[in-house]
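My questions will all concern the structure given below.
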Amino acid sequence: MTLRTAVVETSSLGDRTYLVHDGEVAVVVDPQRDIDRVLAVAGRLGVRITHVAETHLHNDYVSGGLALARVTGAVYLVAAAEEVSFPRLPVADGDRVVVSDRLTLTAVATPGHTFHHLSYVVRHDDEVAGVCTGGSLLFGTTGRTDLLGAAHARTLARHQHDSARRLADLLPDGTPVWPTHGFGSFCSATPPDADSSTIGREKRVNPVLRLHADAYVEQLLAGLGAYPAYYAHMGVRNAEGAELIDLTPARRAGADELRARIEAGEWVVDLRSRKAYAYRHLAGTLSFGVDGPLATWLGWTLPHGTPLTLLGESPQQVATAQRELARIGIDRPAAAATGTPDDWARTPGDLAERRRATFADLAAEGADVVLDVRADAEWRAGHLAGAVHIPLPQLTERWTEVPDGTVWVHCAAGYRAAAAASLLARAGRRAVAVDDDWANAAAAGLPVAT
């Protein structure tokens with residue numbers, strides 16, 4: 001049996017989990033919190049998971065590594081230098097771990113994304129088969145180096161440069177590169193330039209392997225933007241060790257309880273599409289559709305520790321949201337309800353609607369206030385002249401800065417605008433959500449400044 005690798009994608013967070021196996025036993029690298037997906041793959045392949053390995057203590061999600069090791073009885077590999085609160089096999093640079101007679105891992109210290117980051121060189125029959133690079137060497141880029149604080153960013157960037165060079169010198173050009181981050185994850189310094197790669201390709205295209213250290217460091221640090229606020233809690237949670245995920249249905253809430261939670265200032269989130277939300281919704285609820293990047297924007301915007309209630313068209317919609325949110329440490333909703341807004345309202349007076357518009361509508365009608373809720377980098381690349389700029393995750397604290405009048409809110413495609421308009425409406429403001437692509441703003445004749 002030749003060596004094979006199965007990939008478990010978590011596209012909503014831009015991450016990959018790898019299951020590397022020889023047909024009989026397998027090692028899982030960087031598993032996400034919902035380990036049932038990994039167990040299903042192992043079962044389908046008919047392999048036994050004997051080892052689970054972490055490349056680093058993750059800052060973007062709660063790891064399922066400890067739970068997976070406990071469920072399967074696998075050996076759990078974590079960097080020896082990490083201070084953790086659970087038993088594991090401590091591994092350090094140069095350590096060789098035998099998975100089977102034909103499959104081995106060799107740990108390579110690759111600090112940069114974190115101080116104690118490891119990559120794992122996978123060998124099959126003593127031949128290099130691939131390298132799991134975690135948040136170190138990515139496709140055409142590297143992991144960002146500021147997640148442990150701005151004070152460490154420059155030092156870690158230099159480590160990142162050295163680590164990438166070390167891998168390039170150590171491994172044959174044909175070695176497949178298997179990173180965890182880089183597929184939309186905010187852990188990536190810049191977007192990836194491919195969906196697969198090798199060491200040889202990275203030598204040709206990756207700035208970390210083409211630039212001298214000083215030039216790489218300056219380029220990396222200049223390109224770093226904001227990252228989700230919930231990252232601040234992930235590393236600590238992973239060092240403590242997360243328990244087995246609980247995806248059982250949340251307790252059901254009726255109309256009276258939903259209204260009470262809204263009036264208490266809790267977050268009651270409507271998971272339906274923003275189009276359905278605009279047509280009719282329960283007044284005071286917030287629009288974060290499960291059809292979009294729910295975990296990123298809700299997780300980033302929700303004040304830490306705030307009780308969360310989920311509203312969905314179906315139990316499956318709520319279950320999908322629960323899974324997404326549990327991956328970033330929002331483990332259990334306070335309550336949930338399914339059905340339609342009519343089911344969630346005590347009286348017709350509890351219902352509301354929201355106007356959706358286009359950039360052409362904005363150009364034709366004008367607006368008292370235009371609010372841009374995109375990120376800083378998006379704003380710098382081009383914005384509507386005269387617009388107010390408050391990124392969506394900052395709006396809960398800065399909404400009082402929005403001038404009086406009807407607010408037309410826009411982002412790049414409509415998802416964040418719908419969320420922001422619902423936040424403003426909850427605060428008593430009249431808002432119109434621009435549900436349109438940013439590229440259409442200039443085409444509509446709106447003045448764009450850079």
Pair Arg102 + Asp22, salt bridge at N-O below 4.0 Å: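 No, this pair does not count.
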
Greater than 12 external heavy atoms within 6.0 Å of Arg70's CZ: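 No, not enclosed.
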
Asp331, Asp34, Asp246 screened by salt bridge (charged side-chain N to carboxylate O under 4.0 Å, His left out) with Arg323, the one that passes: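 Among Asp331, Asp34, Asp246, the one that satisfies the salt bridge (charged side-chain N to carboxylate O under 4.0 Å, His left out) with Arg323 is Asp34.
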
Val7 and Tyr18, any side-chain heavy atoms less than 4.5 Å apart: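 Heavy-atom side-chain distance check passes, below 4.5 Å.
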
Criterion salt bridge (Lys or Arg N to Asp or Glu O under 4.0 Å) on Arg416 and Glu378, from CA distance to verdict: CA-CA 13 Å; Arg416 286 173 288 176; Glu378 294 172 290; 2.9 Å; yes

Salt bridge flag under 4.0 Å for residues Arg398 and Glu401: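 Yes.
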
Sub-6.0 Å ring centroid separation between His233 and Tyr230: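 Between His233 and Tyr230, the centre distance exceeds or equals 6.0 Å.
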
Sidechain N-carboxylate O distance under 4.0 Å for Arg154, Glu218: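 Between Glu218 and Arg154 there is a salt bridge, with a charged N closer than 4.0 Å to a carboxylate O.
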
Parallel, tilted or perpendicular: rings of Trp379 and His383 (30°, 60°):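 Judged by the thresholds at 30° and 60°, the geometry between His383 and Trp379 is parallel.
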
Whether His56 and His117 hold their rings parallel, tilted or perpendicular, with breakpoints at 30° and 60°: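 Parallel: the ring planes of His56 and His117 meet at under 30°.
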
Asp193 with Arg201: basic N within carboxylate O range, under 4.0 Å: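 Salt bridge present between Asp193 and Arg201.
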
Ion pair Arg16/Glu9, N-O distance below 4.0 Å: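 Salt bridge between Arg16 and Glu9, a charged N being under 4.0 Å from a carboxylate O: yes.
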
Whether Arg332 side chain and Thr248 backbone form a donor-acceptor pair below 3.5 Å: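 Confirmed, Arg332 side chain pairs with Thr248 backbone.
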
Thr320 side chain to Gln316 side chain, donor-acceptor N/O pair below 3.5 angstrom: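 Yes, side-chain donor-acceptor contact under 3.5 Å.
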
Polar contact flag, side-chain donor to acceptor under 3.5 angstrom, Ser119-Thr110: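 Judged by distance alone, the side chains do pair up.
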
Lys275 NZ: over 12 foreign heavy atoms closer than 6.0 Å: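 At most 12 heavy atoms, drawn from other residues, nucleotides or ligands, come within 6.0 Å of this atom.
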
Residue from Val108, Thr133, Thr175 passing side chain to side chain contact (heavy atoms under 4.5 Å, CB included) with Val121: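 Among Val108, Thr133, Thr175, the one meeting side chain to side chain contact (heavy atoms under 4.5 Å, CB included) with Val121 is Val108.
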
Short side-chain donor-acceptor distance under 3.5 Å, Thr10 and Arg37: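 Side-chain D/A pair, Arg37 to Thr10: present.
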
Leu156 vs Thr114 side-chain heavy atoms within contact, under 4.5 Å: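 When only atoms from C-beta onward are counted, Thr114 and Leu156 do not touch, as no gap falls below 4.5 Å.
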
Donor-acceptor side-chain pairing of Glu324 and Ser12 below 3.5 angstrom: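 Checked: Glu324/Ser12 side chains pair up, N/O donor to acceptor below 3.5 Å.
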
Ser63 versus Arg33, side-chain donor and acceptor atoms under 3.5 Å: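 No pair is found: no donor N or O on one side chain lies under 3.5 Å from an acceptor on the other.
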
Ring geometry between Trp438 and His410 (parallel below 30°, tilted from 30 to 60°, perpendicular above 60°):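 The rings of His410 and Trp438 lie parallel, inter-plane angle below 30°.
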
Side-chain heavy-atom pair His181, Asp15 within 4.5 angstrom cut-off: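 Heavy-atom side-chain distance check passes, below 4.5 Å.
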
